[in-house]
Number of protein chains: 2
Amino acid sequence: MPPIKVKNAGKSVPARRKSAAPAKAQTRIQREKQDVILEAALDVFSLHGFRGATIDQIAEQAGMSKPNLLYYFPRKEEIHKRLMKTMLDTWLQPLREFDAEGDPIPEIRSYIRRKLEMARDFPRESRLFANEMLQGAPRLIDILEGELKDLVDEKAAVLLAWMDEGKIARTDPYHLIFSIWATTQHYADFDVQVRAVLGKERGGEGRFEDAARFLENLFMNGIVPKKQTVG
Amino acid sequence: MPPIKVKNAGKSVPARRKSAAPAKAQTRIQREKQDVILEAALDVFSLHGFRGATIDQIAEQAGMSKPNLLYYFPRKEEIHKRLMKTMLDTWLQPLREFDAEGDPIPEIRSYIRRKLEMARDFPRESRLFANEMLQGAPRLIDILEGELKDLVDEKAAVLLAWMDEGKIARTDPYHLIFSIWATTQHYADFDVQVRAVLGKERGGEGRFEDAARFLENLFMNGIVPKKQTVG
DNA sequence: GTCTATACAGAGATAGAC
DNA sequence: GTCTATCTCTGTATAGAC
């Protein structure tokens with residue numbers, strides 16, 4: 001599985017800032033401080049969820065005092081909201097880029113690979129999302145029922161068309177997408193378990209390559225032995 | 001998918017109590033109260049994780065005062081520990097029953113079905129576990145590296161033997177197990193998202209039957225169209 | 001065995017000096 | 001813009017009356 005090229009394992013949020021949003025222009029220092037805070041907050045929120053995370057922890061992780069942090073983000077919820085927004089942008093990008101004009105099998109294969117790369121390179125974002133889901137998505141439900149549903153509906157239609165043309169096997173496109181999400185994000189969200197079960201020898205960095213190989217093969221072929229390849 | 005027979009959707013913990021553990025015998029009332037507390041605690045812990053959950057919430061959910069609750073479980077951590085223990089027993093049962101003597105394909109198919117039934121019938125247990133994983137399994141890591149690893153090693157060996165005999169396609173047995181866990185538990189842990197994306201028409205009770213059909217088919221056949229079944 | 005009252009720490013957030 | 005001090009509320013846990 002050569003095309004996994006991304007290096008940095010689980011740091012950095014894209015953290016694009018809209019230049020028109022707040023009335024006041026921001027200094028470079030303000031932006032940098034905010035980014036430090038967001039970075040620290042991602043660590044803490046992704047581990048403990050919204051309610052379990054404390055401003056103290058975030059401040060400590062960010063290397064500043066609690067009041068100082070609150071100078072930049074007056075409310076805990078603001079920090080979380082901003083993280084969620086950035087995270088969703090990053091997180092849904094692979095699905096957005098899923099291309100109806102592409103060649104079906106390679107397109108799906110590449111989607112699986114990209115999702116797995118994201119699990120490897122942005123595990124905190126994955127856990128932030130997972131935490132929100134476990135809590136019933138109180139701060140995200142509108143987006144799930146709106147933007148996300150629309151996007152999935154659109155891609156499901158593409159998959160259905162491919163099935164009609166006999167280019168991929170007929171199956172439920174929604175549950176196919178769910179399965180790709182579930183299997184790839186599992187390697188971020190349940191990372192402790194994966195490493196514990198694989199043990200020292202197999203639980204190292206190579207586990208993502210192994211997973212990639214396995215998942216590609218699973219989604220392509222299932223596990224029923226092919227007559228022509230046996231014996 | 002007929003064999004999904006379990007009815008009660010997401011209530012009741014087995015809550016077996018070992019009769020030899022605490023020095024003092026327990027009255028019937030004590031047992032009942034403890035069960036009420038554990039039931040309430042499962043609601044709260046599964047939603048908010050250990051740190052996010054509060055004794056106030058649990059007490060309210062259990063319909064008793066906070067001091068009264070603390071009479072039965074002096075520490076928050078005790079409640080959580082007991083829940084985790086019961087949950088793990090329930091949760092790993094299907095894997096324990098995975099039978100080396102059985103017929104490979106039906107055995108795996110049936111394992112998938114049972115895991116999906118558990119996601120449907122014990123979603124809170126699934127979320128309790130998921131919450132613990134997201135936090136890096138601080139209260140569970142020993143079990144993961146011990147009991148669980150041993151159990152998975154054992155079952156992986158069974159799968160490998162089947163592959164050697166050509167009864168199932170050769171693939172990575174560990175990642176196969178991870179994939180079954182991930183896809184089935186997804187329907188408990190990410191339930192909000194599943195229902196949001198499926199919408200009103202398809203997000204109802206039938207979603208589990210749809211998922212079962214899809215997953216069986218995925219694991220058996222993959223998505224590459226079979227030459228003989230196309231056209 | 002259950003309640004009221006309360007101790008005491010940690011939480012989010014604000015005031016005001018520098 | 002950053003800090004110390006502090007307010008208020010919530011949270012875990014205990015004491016002691018009933």
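So you know, we letter chains A, B, ... as the sequences are listed, proteins then strands, and number each from 1.
Of the listed nucleotides (D:dT12, C:dT14, C:dG12), C:dT14 has the atom at the smallest distance from the side chain of A:L70. Candidate nucleotides C:dA11, D:dT12, C:dA15 were compared by shortest atom distance to the side chain of B:K76, and D:dT12 ranks first.
A:A53 comes within 4.0 angstrom of sugar-phosphate atoms only, judged by non-hydrogen atoms across all strands, and of no base.
Looking at A:E97 and A:Q93, their side chains do bring a donor and an acceptor atom within 3.5 Å of each other.
With A:D172 as reference, B:R202 is the one residue of B:R207, B:R202, B:R213 to meet the salt bridge (Lys or Arg N to Asp or Glu O under 4.0 Å) rule.
Of the side-chain N and O atoms in A:R75, none sit less than 4.0 angstrom from OP1 or OP2 of C:dG12. Contact annotation: B:K66 does not reach the phosphate of C:dC3 (side-chain N/O to OP1 or OP2, under 4.0 Å). Phosphate proximity of C:dG1 to B:Y71: present, with a side-chain N or O under 4.0 Å from OP1 or OP2. The shortest distance between the side-chain N/O atoms of A:S65 and the OP1/OP2 oxygens of D:dC3 is below 4.0 Å.
B:R109 contributes no side-chain N or O that, together with a main-chain N or O of B:E216, makes up a donor-acceptor pair within less than 3.5 Å.
To the nearest angstrom, P of D:dG1 lies 11 Å from CD of A:Q34. In this structure, B:D56 places its CG atom 15 Å from P of D:dC9, rounding to the nearest Å. Rounded to whole Å, atom C1' of C:dT14 lies 14 Å from atom CG of A:N68. Rounded to whole Å, atom P of D:dG11 lies 14 Å from atom CD1 of B:I79. The separation between A:H48 atom NE2 and C:dG10 atom P is 15 Å, rounded to whole Å. The distance from atom CD1 of B:I55 to atom C1' of C:dA11 is 16 Å, rounded to the nearest whole Å. Between the CG atom of A:L69 and the P atom of D:dT2 there is a distance of 11 Å, given to the nearest Å. Atom C1' of nucleotide D:dT2 and atom OH of A:Y72 are separated by 8 Å, given to the nearest angstrom.
By the 6.0 Å and 45° rule, B:R82 does not stack over the aromatic ring of B:F73.
In terms of position on DNA chain D, the residue among B:Q57 and A:M64 whose nearest nucleotide sits closer to the 5' end is A:M64.
Across every non-hydrogen atom of A:P94 and A:R114, the tightest pair is CA-NH1, 4.0 Å.
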